[in-house]
Amino acid sequence: MAKWLVKSEPSECGIADFARDPEGVIPWDGVRNYQARNFLAQMQEGDEVFIYHSSCKHIGIAGIVRVVKAAYADPLQFDPESRYFDAKSSADKPRWQAVDLAYVRTINPLISLDRLKSLDGLTDLPLVRKGNRLSVMPVNEDDWNTILTLDATAKRH
DNA sequence: GCCAACGTTGGC
DNA sequence: GCCAACGTTGGC
């Protein structure tokens with residue numbers, strides 16, 4: 001199973017939104033960046049995903065969710081009312097993809113960006129590189145495990 | 001609110 | 001195909 005990380009502003013959709021309805025499914029839509037889309041398209045059902053809270057007071061990895069439906073055409077690209085509408089996209093040639101995600105658990109306290117940056121064991125995480133704006137990225141197995149060593153939530157189990 | 005970094009657009 | 005202008009991201 002591959003591992004991933006997605007960024008989101010918690011005021012838009014954070015781990016709390018997943019936790020509120022643990023049985024529910026949240027479509028991860030509105031991604032409008034080609035590199036991020038290409039990664040979305042590679043996600044498989046069962047893959048685990050870090051939820052990273054950006055542009056907010058407490059920046060960092062705040063929880064884990066799971067892919068419950070692999071990539072499909074993002075419906076918002078066809079909706080003229082949506083801010084994610086794309087006139088250049090068509091039903092037979094959709095440009096943008098979405099996946100469905102469901103709650104796994106909350107990481108509390110979250111793993112802050114500061115702590116992530118202080119890890120020297122990370123081999124390849126675009127997130128901690130300066131100026132990186134990629135909102136969907138792969139996390140290799142080693143980095144995933146390294147990050148989880150900072151997770152106090154797991155230690156309590 | 002600022003601003004550096006980055007991706008996209010569009011004129012040429 | 002280049003690249004300047006522009007809009008957006010995201011940490012601070």
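From a predicted model like this one, the values you see are computed outputs, not experimental measurements. Every chain is numbered from 1, with letters handed out A, B, ... down the list of sequences.
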Write down the distance between [atom1] ([X]) and [atom2] ([N]), rounded to a whole number of angstrom.
X      : N      : atom1 : atom2 : answer
A/R95  : B/dT8  : CZ    : C1'   : 11 Å
A/L127 : B/dA5  : CG    : P     : 17 Å
A/K57  : C/dG10 : NZ    : C1'   : 18 Å
A/L134 : C/dT9  : CG    : C1'   : 12 Å
A/Y84  : C/dT8  : OH    : C1'   : 12 Å
A/E9   : C/dT9  : CD    : P     : 8 Å
A/R83  : C/dT9  : CZ    : C1'   : 12 Å
A/E12  : C/dT8  : CD    : C1'   : 14 Å

In terms of side-chain heavy atoms of [X], which of [options] is nearest?
X      : options               : answer
A/Q35  : C/dG11, B/dG7, B/dA4  : B/dG7
A/I59  : B/dA4, B/dG7, C/dG11  : C/dG11
A/K7   : B/dA4, C/dG10, C/dG11 : C/dG10
A/D114 : C/dG11, B/dA4, C/dC12 : C/dC12

- Just checking A/S54: base, sugar-phosphate only, or nothing, at a heavy-atom cut-off of under 4.0 Å? sugar-phosphate

- Hey, does A/K117 reach any base, or is it just sugar-phosphate, or nothing, if we go heavy atoms under 4.0 Å? sugar-phosphate

- Query: Same cluster for A/L40 and A/V25 if Ile/Leu/Val/Met/Phe/Trp/Tyr side chains link at under 4.5 Å?
  - Reply: no

- Given the rule that I, L, V, M, F, W and Y join up when any side-chain heavy atoms are under 4.5 Å apart, are A/L119 and A/V128 in one cluster? yes

- Task: Would you mind telling me which of A/L110, A/I111, A/L5 makes a side chain to side chain contact (heavy atoms under 4.5 Å, CB included) with A/Y52?
- Result: A/L5

- Item | Which residue lies more 5' along DNA chain B, comparing A/R32 with A/K130 via nearest heavy atoms | A/K130

- Salt-bridge contact A/K117-A/D114 (side-chain N to carboxylate O under 4.0 Å): no

- Query: Can you find a side chain N or O atom of A/Y52 that sits less than 4.0 Å from OP1 or OP2 on C/dG11?
  - Reply: yes

- Is the distance between the ring centroids of A/Y72 and A/W96 less than 6.0 Å? no

